[in-house]
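Comments concern the structure below.
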Amino acid sequence: MLQSMPRAPDVLGPHGQTLFVMHRKDRVSIDAGHAMLRALRLSSRGGSRRVVAGCCNTPLFLEFSGGHWLSLYGLLWPASAKPAVEMRTMVGDLPDASVLPDDVPNLQTRSLRFHALLLKAWIAMGFRSPRIEVAGDSHV
């Protein structure tokens with residue numbers, strides 16, 4: 001749905017996957033354009049929101065309620081600066097995960113290592129979860 005909005009870039013890769021770059025919230029800043037940010041939720045009680053730049057419908061990040069991290073859309077980085085893929089999670093959601101390369105672990109769900117990395121970051125943040133203000137909020 002995100003990439004079908006007017007002027008929106010492609011967010012899905014060649015195998016129907018979404019590249020996310022995970023970052024601690026306390027290490028991400030939005031320097032300008034706060035008034036243009038729009039949150040899209042699947043329901044009024046949804047536990048996640050996808051935040052897009054309202055001017056061009058570019059997806060910026062996926063945020064889980066109470067989460068201390070942001071899943072930043074990989075399309076935001078030029079290829080030369082994009083962080084290397086360390087693991088693929090939730091490949092069980094793909095129609096055919098066998099098409100993925102085996103260059104990194106392709107995990108059916110999330111691994112213990114994945115959760116350990118999140119916990120380590122949360123401890124380093126003093127168990128805080130900074131709030132990111134978004135001007136508009138819609139249910140899709």
Side-chain angles (χ1 to χ4, degrees):
M1 185 205 76
L2 291 176
Q3 69 185 30
S4 69
M5 296 189 310
R7 299 182 315 280
D10 290 341
V11 295
L12 296 178
H15 306 294
Q17 79 281 16
T18 305
L19 173 64
F20 284 118
V21 178
M22 309 271 296
H23 271 286
R24 291 171 32 173
K25 280 186 184 177
D26 65 343
R27 293 188 176 170
V28 174
S29 64
I30 299 170
D31 297 331
H34 280 91
M36 295 191 172
L37 297 180
R38 300 289 179 261
L40 303 174
R41 298 178 187 270
L42 298 179
S43 73
S44 60
R45 294 183 297 196
S48 65
R49 65 181 180 168
R50 286 143 185 88
V51 175
V52 301
C55 56
C56 59
N57 290 324
T58 297
L60 301 176
F61 60 84
L62 166 63
E63 179 184 31
F64 292 94
S65 297
H68 58 280
W69 72 95
L70 292 177
S71 300
L72 301 164
Y73 284 89
L75 63 91
L76 300 174
W77 280 267
S80 62
K82 191 178 301 179
V85 174
E86 296 178 30
M87 70 178 84
R88 293 181 188 93
T89 61
M90 307 307 294
V91 302
D93 290 346
L94 293 172
D96 181 10
S98 70
V99 298
L100 296 173
D102 61 359
D103 54 342
V104 297
N106 291 312
L107 308 171
Q108 292 294 311
T109 59
R110 294 173 197 90
S111 68
L112 181 58
R113 178 176 175 253
F114 178 87
H115 288 286
L117 290 171
L118 286 178
L119 179 59
K120 181 181 173 185
W122 197 31
I123 292 168
M125 292 172 64
F127 298 103
R128 294 176 299 107
S129 179
R131 176 134 176 84
I132 297 177
E133 297 297 329
V134 174
D137 204 339
S138 305
H139 306 122
V140 293

Rounded to the nearest 0.5 Å, what's the gap from CD on Gln17 to CG on Leu100? Could you check?
6.5 Å

Hey, can you pull the donor-acceptor pairs under 3.5 Å for the side chains in residues 60-68, sequence neighbours left out?
residue	atom	partner	partner atom	Å
Glu63	OE1	Arg49	NE	2.5
Glu63	OE1	Arg49	NH2	2.7
Glu63	OE2	Lys25	NZ	2.5
Ser65	OG	Gly47	O	3.1
His68	NE2	Leu118	O	2.8

For Ile123, does the CD1 atom sit with more than 12 other heavy atoms under 6.0 Å from it, leaving out its own atoms?
yes

Okay, side chain of Arg27, backbone of Arg24: is any donor-acceptor separation there less than 3.5 Å?
no

Going only through I, L, V, M, F, W and Y residues with side-chain contacts under 4.5 Å, is there a path from Val85 to Trp69?
no

Could you pull out the closest heavy-atom pair between Thr58 and Cys56, with the gap in Å?
OG1-SG, 3.0 Å

Taking the side chain as every heavy atom from C-beta outward, state whether Leu70 and Ile132 have any atom pair closer than 4.5 Å.
yes

Under a 4.5 Å side-chain heavy-atom rule over Ile, Leu, Val, Met, Phe, Trp and Tyr, are Met125 and Ile30 clustered together?
no

Which heavy atom of Arg38 sits nearest a heavy atom of Ala135, and at what distance?
NH1-CB, 3.4 Å

In this structure, CG of Leu119 is separated from CZ of Phe127 (nearest 0.5 Å) by 6.5 Å

Do Thr89 and Ser111 make a side-chain contact, defined as non-hydrogen atoms from C-beta onward lying under 4.5 Å apart?
no

Near Met36 CE, under 6.0 Å, is it more than 12 heavy atoms from other residues, nucleotides or ligands?
no

Hydrophobic clusters here meaning ILVMFWY residues chained together by side-chain heavy-atom distances under 4.5 Å, can you tell me if Met1 and Val52 are in one?
yes

Cluster overlap Phe20 with Leu107, hydrophobic side-chain contacts below 4.5 Å
yes

Are Met87 and Val99 connected into the same hydrophobic cluster when the rule is that any two of I, L, V, M, F, W, Y join if their side-chain heavy atoms are below 4.5 Å apart?
no

I need the minimum non-hydrogen distance between Arg41 and Ser48, along with the two atoms involved.
CG-O, 3.7 Å

Non-neighbouring partners of Met90 that pass side-chain contact (heavy atoms from CB on, under 4.5 Å), sequence neighbours left out
Asp93, Thr109, Arg110

Would you say the side chain of Met22 lies within less than 4.5 Å of the side chain of Leu117, judging by non-hydrogen atoms?
no

What's the shortest heavy-atom distance between Gln3 and Pro9, and which atoms?
CB-O, 3.4 Å

Residue that, paired with Leu75, satisfies side chain to side chain contact (heavy atoms under 4.5 Å, CB included) out of Leu12, Asp10, Leu19, Val11
Val11

Are the side chain of Arg7 and the backbone of Cys55 linked by a donor-acceptor contact shorter than 3.5 Å?
yes

Applied to residues 71-90, the salt bridge (Lys or Arg N to Asp or Glu O under 4.0 Å) test, sequence neighbours excluded, yields Glu86-Arg113, Arg88-Asp103

Any idea which heavy atoms bring Ala8 and Leu2 closest together, and the distance?
CB-O, 3.3 Å

Minimal heavy-atom distance between Leu37 and Val134, with the atoms involved, is O-CG1, 3.5 Å

